[in-house]
Amino acid sequence: MVVLRAGLCPGLTEEMIQVLRANSVRTVVDFVSSDLEDVSQKCSLSYKALVAVRRVLLAQFSAFPANGADLYEELKSSTAILPTGSPSLDQLLDSGLYTGEVTELMGAPGSGKTQVCLSIAASVSLGLKQHVLFLDSTGGFTASRLYQMLQAQAEDEEEQAVGDTALSQLEALQRIQVARVFDVYEMLSALQEVRDRLSQQAVSCTGPLKTVVIDSVSAVIHPLLGGRQSEGLAIMMQLARELKMLAKEFSLAVVPTGMQVELDIGNSDVQEPSPATPTEGL
Amino acid sequence: MGDALRRAESGTQLLARLEGRSSLKNLEPCLFAEEGSPVHGDVIEFHGPEGTGKTEMLYHLVARCIIPKSGGGLEVEVMFIDTDYHFDVLRLVTILEHRLVQSTEEMIKQCLGRLFLVNCSSSTQLLLTLYSLENMFCTHPSLCLLIVDSISAFYWIDRSNGGESLNLQEMNLKKCANFLEKLVREHHLALFATTQTIMQKSTSSAESFFPLKLQHEFDTDYRPYLCKSWQQMVTHRIFFSKQFNSGNSKGFTVVSCHLKKNNVVKRSFSIKMSFLYSAKSVLHS
């Protein structure tokens, strides 16, 4: 709900806002949905000025349609396929992780999700020399295990001389940035930070970021679900939305992990959806 | 003076009104409970849990629309509003490649040129986007199909933002529904929208607060949860569910209800497995 205020767009002056407010037009939505002829008569403002302001507000706050052909061109040039470090998993995923998509790993505890996440981080960092962001919400990330994986993957590549391997593994470790986030708000703000960094396109020491691994999403969401309040579900939907927007807008491969659980709230008439729901349609 | 201003319309609006929109009658006859659907002004809702083929059906309809008449399509333009950020262009291209007799890059790009895609991140942005799209409908007379995937995406977020008042919770969606109805009526469009099954009937014998108004023999777990304005504007509701067949075939069932005339039809469809994993071949071509 964006409230109208002076300076929101050129042509929207303080007096205009006062007059509009007196006629119960307070937010952008009120302004855009009201009949401008009525408003111009009641508030004795210029119709042309109101139409101009409406056009600017719509241009500022609404989404623009893109043409399918342009989107296709863009996607062809910006989509990359990232190897996961395991050839059979790559085959299952149609040759790897696609950027611009959210690929969710679901499984019971102890089924190997963290190991796959570490393997993906190692493979992207060592093989493609790209940066990886690892959001750890369970405390399951251990650098020593990651180093073991890097060593194992480096041994598979025969090109490098013995002296170089240690250095390249160290560099690979440096390209993996780990953030420990233990509740959903910390996770949302970490994602916001990534978004800010990428949209400014700052040439920082972190370099090109193509992969975001989140282990795990359900650890921060489960404490919020249950009971009759819907805030937990709303935050879960918000988090899912953030992940999808990040993947689509910046062409990243986002890999969240989770555990599927069905909650049944006793004798209420609503059965809450499982955490798998928000990322449906992948 | 005010009246004259109200009735005046621009040249493009006049042309758009007089030229008329192409007929969508042959869009997908198997999908509808009666012949001659959809007509302009129809609002069709696809309802079902995740993974039941709703978005896939939308891709099928989009492909039917954007393929030129020479290829067996309707050659009309489509506006696709994606609220979930999950529209997959590569998947659509795979479907087009299988449908077109000569699937050259040029043909595919020409078909895709008839598709417009918008992403919305909140119900407020959806409303404002609909206002700004109104102009587009006037200037593109061949744009006769509007798709919203999905219209229930903001349900939980709106419910949480609205606090205790049901009115506040539903207000954004109600405004969107009212404006969509106005757009569909004034510009002679057909609207397809998907909704998720996020509420299920409780298995206990507790009283249900939402008595099922639909009386039909197919037992679907349908609980209406979107606002009344939306419920009243829907003319056809199509329920999607998975078919539990033996074997590997991906079968889905579709139950199509014409709400005003109470016709119900049940059909099934399947998706060829070969379609599913070909995004890589599209990228490498």
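Computation of the quantities below employed the complete heavy-atom set of this structure, encompassing side-chain atoms and omitting hydrogens, waters and symmetry-equivalent molecules.
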Pairwise distance CG(B/D82) to NZ(A/K244) - rounded to 0.5 angstrom: 8.5 Å
Heavy-atom proximity to chain B below 4.5 Å, by part of A/R54: side chain
Once you round to the nearest 0.5 Å, how far does CD of A/E101 lie from NE2 of B/H86? 11.5 Å
Using only atom types and a distance under 3.5 Å, with no angle test, would you say the side chain of A/K248 pairs donor to acceptor with the backbone of B/F87? yes
Measure B/L133 against the heavy atoms of chain A and call it side chain, backbone, both or neither at under 4.5 Å. side chain
What part of B/Y155 gets closer than 4.5 Å to chain A, counting heavy atoms only: side chain, backbone, both or neither? neither
From the list B/F154, B/F80, B/F179, the residue making the most non-hydrogen contacts under 4.5 Å with chain A is B/F154
Please round to the nearest 0.5 Å and tell me the distance separating atom OG of B/S160 and atom CE of A/M237. 12.0 Å
Shortest non-hydrogen separation from B/Q125 to A/S62 and the atoms involved: NE2-C, 4.2 Å
Does a sphere of radius 6.0 Å around CD in A/Q60 hold more than 12 heavy atoms from other residues, nucleotides or ligands, not counting ones at 6.0 Å or beyond? yes
Atom CE in A/M245, atom CG in B/D84: separation rounded to 0.5 Å? 11.5 Å
So which of A/V28, A/V32, A/T27, A/D70 has the largest heavy-atom pair count under 4.5 angstrom toward chain B? A/V32
Taking 4.5 Å as the heavy-atom cut-off, does anything in residues 113-123 of chain B contact chain A, and if so which residues? B/G113, B/L115, B/F116, B/L117, B/V118, B/N119, B/C120, B/S121
So which heavy atom on B/K175 is nearest to which on A/D30, and how close? NZ-OD1, 4.2 Å
So which part of A/F64 gets closer than 4.5 Å to some heavy atom of chain B, the side chain, the backbone, both or neither? backbone
Using the side-chain contact (heavy atoms from CB on, under 4.5 Å) rule, take A/E249 and B/Y85 through it: C-alpha gap first, then chi angles, then the decisive distance, then the call. CA-CA 10 Å; A/E249 286 177 24; B/Y85 287 87; 4.0 Å; yes
In Å and rounded to the nearest 0.5 Å, what is the CG to CD distance from B/N161 to A/E231? 10.0 Å
Which heavy atom in A/R241 sits nearest to a heavy atom in B/T83, and how many Å separate them? NH2-O, 2.8 Å
For A/D196, does the CG atom have more than 12 heavy-atom neighbours from other residues, nucleotides or ligands under 6.0 Å away? yes
Proximal component of B/L127, with respect to chain A [non-hydrogen, under 4.5 Å]: side chain
Quick check: closest heavy atoms across B/L128 and A/L58, and the distance to 0.1 Å? O-CD2, 3.3 Å
Please look at B/N172 and chain A and tell me whether the side chain, the backbone, both or neither of the residue comes under 4.5 angstrom of a heavy atom of that chain. side chain
Can you see which heavy atom on A/P65 is nearest to which on B/M136, and at what distance? CG-SD, 3.6 Å
